[in-house]
Amino acid sequence: MDPLQWAIDPWGKVVPIHIAWFLIWVAAIAGLLFVIVHAIYVRYFAKPRQFGRYESPVVPAQIPEHVPRHSLTARAFHWIMAAAMFTLLFTAFLPKIGFQFDWVTYHWIAGTVLTISIIFHIIHASFFLDFWSIWPDKIDLRDAWRRTHRFMGKPAPPPERFAKYPLENKLYHGAIIAAGLTAIVTGVFMMSRVRTIFFPRNPYLFTDMTWGMMYVLHGLAGVGLIMLIMVHVYFGIRPEKRPITKAMIFGWMSRDFYLEEHDPQRWVVEGSTTAAAKSAGTPGQD
Ligand code: HEM
């Protein structure tokens with residue numbers, strides 16, 4: 001089973017033209033398997049989560065009842081991006097599995113929305129939010145080591161509570177960057193193969209081989225996103241993660257949830273006494 005489709009160019013050279021579309025099913029089944037195995041593991045095998053003690057004592061009254069997590073701008077970005085992403089996935093893959101419609105125009109329009117929203121997000125996150133909050137830090141790596149040891153039944157101290165984002169979310173964000181940027185960069189070039197309002201159509205911009213590789217990369221990023229989005233939606237609706245999803249709708253999470261999972265020293269929230277003490281360098285919310 002060849003994962004790519006090939007053709008012969010006018011000079012008789014064999015060039016790739018697309019990924020083979022059975023990869024859509026491979027990605028969807030892999031996503032589904034992950035969901036099933038994870039759900040069974042959590043339901044029947046996982047031990048309750050344990051964190052180490054706070055380094056310094058925490059006074060709950062110092063934390064606001066509603067802990068601000070995502071600003072209105074950040075939430076608007078998230079949901080616009082989600083709408084664009086679903087439109088892209090459905091317009092790209094429904095015709096490939098038998099639901100024919102004139103998909104290309106809807107697809108490049110959604111692609112343009114996604115591209116603009118991502119450019120906005122990069123500027124917003126770099127200059128107005130706490131840029132480093134989404135990248136793994138030393139404590140995350142040390143705790144990943146501890147968690148792996150404990151998972152295998154070896155002795156290790158419990159991990160600390162999380163900063164704003166747990167390591168898993170940070171790694172997921174990294175995977176989305178890789179797949180999303182690949183789809184965007186190749187997609188912008190591919191717009192010159194179809195009629196759009198942005199630039200004149202020019203299918204001769206690259207050689208057939210380069211175009212072929214570009215379509216293959218676009219397709220691989222696309223099927224990768226099927227898996228990533230399935231897993232993201234699954235975690236979003238899991239009961240223990242719902243407070244995080246609610247925060248993406250309403251902007252805040254409860255003090256109880258915050259104190260259960262987050263370390264006020266690692267994620268200093270606006271309106272807390274810790275924030276007042278550290279006000280010289282209070283991070284923004286994203
Ligand atoms: C979730 C993200 C995306 C997915 C899943 C996706 C998926 C796909 C797939 C499977 C194709 C068919 C490729 C082929 O025939 O080999 C395609 C075509 C295309 N994509 Fe995307 N894409 C995404 C993002 C984008 C973005 C961000 C843009 C533009 C900025 C874009 C622009 C295009 C264009 C113009 C075509 C049509 C090319 C043609 O028919 O010649 N895509 N996309």
Side-chain angles (χ1 to χ4, degrees), residues 1-10 14-32 77-123 172-234 236:
M1 265 201 280
D2 195 334
L4 304 186
Q5 291 181 43
W6 303 84
I8 298 176
D9 75 5
V14 178
V15 289
I17 48 169
H18 312 279
I19 58 165
W21 301 121
F22 75 83
L23 292 183
I24 297 172
W25 296 109
V26 173
I29 292 168
L32 200 63
F77 159 74
H78 178 268
W79 294 114
I80 290 172
M81 187 194 57
M85 188 61 97
F86 277 110
T87 309
L88 284 160
L89 287 172
F90 285 118
T91 52
F93 294 126
L94 284 181
K96 311 288 182 293
I97 58 168
F99 299 92
Q100 298 304 333
F101 63 99
D102 188 10
W103 61 278
V104 177
T105 308
Y106 302 110
H107 190 79
W108 69 252
I109 293 174
T112 306
V113 173
L114 182 74
T115 306
I116 294 171
S117 68
I118 298 287
I119 293 172
F120 168 80
H121 176 64
I122 294 171
I123 298 170
Y172 179 85
H173 184 256
I176 277 282
I177 291 179
L181 286 188
T182 305
I184 287 176
V185 173
T186 50
V188 168
F189 283 118
M190 284 158 72
M191 287 216 275
S192 65
R193 294 271 297 225
V194 297
R195 243 168 265 288
T196 66
I197 53 171
F198 298 112
F199 21 77
R201 187 170 173 271
N202 178 10
Y204 305 108
L205 194 59
F206 299 112
T207 62
D208 287 335
M209 177 58 98
T210 309
W211 274 126
M213 308 282 264
M214 200 163 298
Y215 276 69
V216 166
L217 267 183
H218 195 77
L220 287 178
V223 292
L225 283 160
I226 295 180
M227 251 183 314
L228 288 171
I229 302 300
M230 282 176 78
V231 169
H232 184 70
V233 172
Y234 160 72

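Indexing begins at 1, ligand by ligand and atom by atom, following the structure's order.
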Could you give all pairs that pass the side chain to side chain donor-acceptor pair (under 3.5 Å) test and reach residues 88-116, with sequence neighbours left out? Thr91-His107
Do the non-hydrogen side-chain atoms of Trp6 and Leu4 ever get within less than 4.5 Å of each other? yes
Which ligand 1 atoms are under 4.0 Å away from a heavy-atom of Met85? 1 (C)
Atom 40 (O) of ligand 1: nearest protein contact (heavy atom, Å): Val194 CG1, 3.9 Å
Looking only at heavy atoms, the pair that brings Ala84 and Ala110 closest together is CB-O, 3.8 Å
Sole residue of Ile8, Asp9, Thr207 in side chain to side chain contact (heavy atoms under 4.5 Å, CB included) with Val15: Asp9
Between ligand 1 and Tyr215, is the shortest N or O to N or O distance under 3.5 Å? yes
Should you measure from each heavy atom of Thr115, which atoms of ligand 1 turn up under 4.0 Å away? 30 (C)
Just to be sure I understand the site: which N, O or S atoms from the protein are less than 2.8 Å away from atom 21 (Fe) of ligand 1? His107 NE2, His218 NE2
Ranking Phe189, Phe93, Trp103 by closest non-hydrogen atom to atom 12 (C) of ligand 1, top hit is Trp103
Which heavy atom of Val188 sits nearest to which heavy atom of Phe199, and what is that distance? O-CZ, 3.7 Å
Would you say Ser192 and Arg201 make side-chain contact, with heavy atoms under 4.5 Å? no
Is any side-chain heavy atom of Pro10 less than 4.5 Å from a side-chain heavy atom of Asp208? yes
When every non-hydrogen atom of Leu228 is compared with those of Ala179, the smallest separation belongs to CD1-CB, 4.1 Å
Out of all atoms in ligand 1, which are within 4.0 Å of some heavy atom of Leu89? Include the element for each. 5 (C)
Just to confirm my output: which protein heavy-atom neighbour is closest to atom 14 (C) of ligand 1, and how far is it? His18 ND1, 3.1 Å
Do the non-hydrogen side-chain atoms of Ile229 and Met85 ever get within less than 4.5 Å of each other? yes
For ligand 1, is any non-hydrogen atom under 4.0 Å from Trp21's backbone (N, CA, C, O), its side chain (CB onward), both, or neither? side chain
If you compare all heavy atoms of Trp211 against all heavy atoms of Leu205, which two are closest, and at what distance to 0.1 Å? CZ2-CB, 3.8 Å
Using a 4.0 Å cutoff against the non-hydrogen atoms of Leu225, which atoms of ligand 1 qualify? 1 (C), 2 (C)
